[in-house]
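Worksheet: the structure to be examined is printed underneath.
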There are 2 protein chains.
Amino acid sequence: MTRRSRAQMIEETRAKLLATARQAFASQGYGQTSMDDFTAAAGLTRGALYHHFGSKEGLLIAVIEQIEAEVGDRLQTASAAEPTPWLGFRCRCRTYLELALEPEIRRIILQDARAIFGDVPQAAQSVGIAALQAALEELIAAGTVQPVHAGAVARMIYGIVTEASFWIAEPDGDPQARLAQALDGLDRLLAGLLHQA
Amino acid sequence: MTRRSRAQMIEETRAKLLATARQAFASQGYGQTSMDDFTAAAGLTRGALYHHFGSKEGLLIAVIEQIEAEVGDRLQTASAAEPTPWLGFRCRCRTYLELALEPEIRRIILQDARAIFGDVPQAAQSVGIAALQAALEELIAAGTVQPVHAGAVARMIYGIVTEASFWIAEPDGDPQARLAQALDGLDRLLAGLLHQA
DNA sequence: TCAATTAACATACGTTTCGTATGTTAACGA
DNA sequence: TCGTTAACATACGAAACGTATGTTAATTGA
């Protein structure tokens, strides 16, 4: 066990680079992070970085993909436990909002990534939005939700969540209270999608 | 008339700098814009820039303030013509979306500014959001809209508009069709805010 | 009216940072 | 065993930003 294969060591340096970059991006932001500095913090040099990731943007893409994968898993886990499809959908939106509150996700995905790649991170094609869209399409087919364009509305919900997370995290105001108020507002907006009884 | 006062000339260079920067930021993005290049394009040097705006960020803030002021005017003009407060509110949201489709606004306000100043441009305190919140508060007081937190929901609508604009402008897909689909989705979501009949 | 100060810029410089080009070492294949 | 390639480190060049330092012209005050 104390003996590591060559392939394992390579993977270790890649993972170490990724983890250190993720930490640095989250705490200082992508633009403010010097590749010299944080590679040194990882005990390596920029040479290793450019070998594994090609460019600073390539590194950011790798970090985004890692985070997106985690987000996808957590959303899936949370919403799968709900009893009805609609409640599952609602839970997915709420959980999305809670995830967006984590500083790492807000800073890297919602804040910096947008400026680098204009649109939603095309890199990982935003797992969260895709899943939201799929859930919406099912609900529309089942007649629970009015016939809207699922892709459009999924994106809009993503926007709701994004902005709400920034609002909640604003320096003034109580985050807990704001989270509750945001979840309430989210509920009202989502209710508009339902078919009238 | 051919005689310009000193103060006028100073204002002219300031305006010229601002206009050139706005153009450059919109077409190449804030990060990709070299201060040497675009000041030269304006027939000046970085010296003038740092004298008037202090820093590159200061220049961006000035550009944002200019755009925000225009956005505020156009929103006000559009919504004031509507017959009822609710329709005025709805119109404001729709117009907001249409404005967000303009490349200049999308690139500078929605895309780049967020990465530089984490939150919504605190610089000009987003006139659009503030007006949206005020309109919401009136509608709640009048009993037209359910009692939600106006600040939270105003921000969420801002998020809807932002994401929708990016979605509409995606390279594939027909922008005209997508705009219609987005406006439809927006209507459904907003309908959730209304009191049930 | 004239000297001193300040505003409005231009120019020059130093620092930081990114990407690339060039080693270097160790493993792997023929 | 020898050539090749992967996995890095090191060195170099090219922006780009901010600042420090001119320079000129207007303005102020005595």
Side-chain angles (χ1 to χ4, degrees), chain A residues 2-64 108 112-113 115-117 123, chain B residues 2-64 108 112-113 115-117 123:
Chain A
T2 167
R3 178 140 195 83
R4 282 160 302 182
S5 77
R6 173 170 175 79
Q8 274 177 338
M9 291 191 60
I10 294 172
E11 186 51 37
E12 267 176 35
T13 73
R14 207 189 119 92
K16 187 166 193 175
L17 248 9
L18 211 57
T20 313
R22 182 170 165 169
Q23 156 68 24
F25 288 167
S27 61
Q28 321 172 32
Y30 174 79
Q32 285 38 267
T33 297
S34 158
M35 303 187 64
D36 275 317
D37 289 354
F38 92 89
T39 49
L44 296 161
T45 68
R46 269 203 345 273
L49 240 175
Y50 278 92
H51 178 70
H52 282 290
F53 301 100
S55 69
K56 193 179 182 183
E57 277 194 17
L59 174 63
L60 177 59
I61 291 177
V63 169
I64 290 176
I108 300 179
D112 286 341
I116 309 297
F117 324 101
Chain B
T2 169
R3 177 139 197 84
R4 282 159 301 181
S5 75
R6 172 169 176 79
Q8 273 177 339
M9 292 191 60
I10 294 173
E11 186 52 37
E12 267 176 35
T13 74
R14 207 190 119 94
K16 187 166 194 175
L17 248 9
L18 211 57
T20 312
R22 181 169 164 169
Q23 155 68 24
F25 288 166
S27 60
Q28 321 172 32
Y30 174 79
Q32 287 34 270
T33 297
S34 158
M35 303 187 61
D36 276 316
D37 290 353
F38 92 90
T39 49
L44 296 161
T45 68
R46 274 206 339 275
L49 240 176
Y50 278 91
H51 177 71
H52 282 290
F53 300 101
S55 70
K56 195 180 181 182
E57 277 194 18
L59 174 63
L60 177 59
I61 291 178
V63 170
I64 290 176
I108 300 179
D112 286 341
I116 308 298
F117 324 100

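The figures here come from the full heavy-atom set of this structure, side chains too, leaving out hydrogens, waters and symmetry mates. Quick note on labels: first sequence line is chain A, next is B, and so on, each numbered from 1. Keep in mind it's a predicted model, so treat the numbers as computed, not measured.
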Show which side-chain atoms of residues 25-32 of chain B pair as donor or acceptor with protein atoms under 3.5 Å away, not counting sequence neighbours.
{"from": "Ser27(B)", "atom 1": "OG", "to": "Gln23(B)", "atom 2": "O", "distance (Å)": "3.0"}
{"from": "Ser27(B)", "atom 1": "OG", "to": "Ala24(B)", "atom 2": "O", "distance (Å)": "3.3"}
{"from": "Tyr30(B)", "atom 1": "OH", "to": "Glu57(B)", "atom 2": "N", "distance (Å)": "3.3"}

Taking every heavy atom of Ala42(B) against every heavy atom of Thr20(B), the minimum-distance pair comes out as CB-OG1, 3.5 Å

OP1 or OP2 of dT16(C) less than 4.0 angstrom from a side-chain nitrogen or oxygen of Ser34(A), does that happen here? no

Could you give the CG-to-C1' distance, from Leu49(A) to dT17(C), as a whole number of Å? 13 Å

Whole angstroms only, please: what is the CG-P distance between Leu44(A) and dA7(D)? 14 Å

Write down the distance between CD1 (Ile10(B)) and P (dT24(D)), rounded to a whole number of angstrom. 18 Å

Interatomic distance where OH belongs to Tyr50(A) and C1' belongs to dC8(D) [whole Å]: 15 Å

Proximal nucleotide (of dC8(D), dC9(C), dG19(C)) relative to the Met35(A) side chain: dG19(C)

Answer yes or no: does a side-chain N or O of His51(A) lie under 4.0 Å from OP1 or OP2 of dC8(D)? no

Below 4.0 angstrom from OP1 or OP2 of dC17(D), is there any side-chain N or O of Ser55(B)? no

Within the structure, does a side-chain N or O atom of Thr45(A) lie under 4.0 Å from either OP1 or OP2 of dT10(D)? no

Could you give the CG-to-P distance, from Leu59(B) to dC17(D), as a whole number of Å? 11 Å

The residue, Glu11(B) or Gln32(A), whose nearest nucleotide of DNA chain C is more 5′ is Glu11(B)

Could you give the distance from CG (Leu59(A)) to CG (Leu17(A)), rounded to the nearest 0.5 Å? 7.0 Å

Would you say a side-chain N or O of His52(B) is under 4.0 Å from OP1 or OP2 of dA8(C)? no

Rounded to whole angstrom units, what separation is found between the CG atom of Leu60(A) and the P atom of dC18(C)? 13 Å

Tell me what Thr33(A) touches on the nucleic acid: a base, only sugar-phosphate, or nothing, going by heavy atoms under 4.0 Å. sugar-phosphate

Spacing between Asp36(B) atom CG and dA15(D) atom P, to the nearest angstrom: 11 Å

So, taking the atom named NZ in Lys56(B) and the one named OG1 in Thr33(B), what distance separates them when rounded to the nearest 0.5 Å? 6.0 Å

Nearest-neighbour nucleotide for the Arg46(B) side chain, dC9(C), dA12(C), dT20(C) considered: dA12(C)

Only pairs under 3.5 Å count here: list side-chain donor-acceptor contacts from residues 43-51 of chain A, not counting sequence neighbours, and write none if there are none.
{"from": "Thr45(A)", "atom 1": "OG1", "to": "Gly47(A)", "atom 2": "N", "distance (Å)": "3.2"}
{"from": "Arg46(A)", "atom 1": "NH1", "to": "Asp36(A)", "atom 2": "OD1", "distance (Å)": "2.7"}
{"from": "Arg46(A)", "atom 1": "NH1", "to": "Asp36(A)", "atom 2": "OD2", "distance (Å)": "3.0"}

Calculate the interatomic distance between Leu17(A) atom CG and dC8(D) atom C1'; express it in whole Å. 11 Å

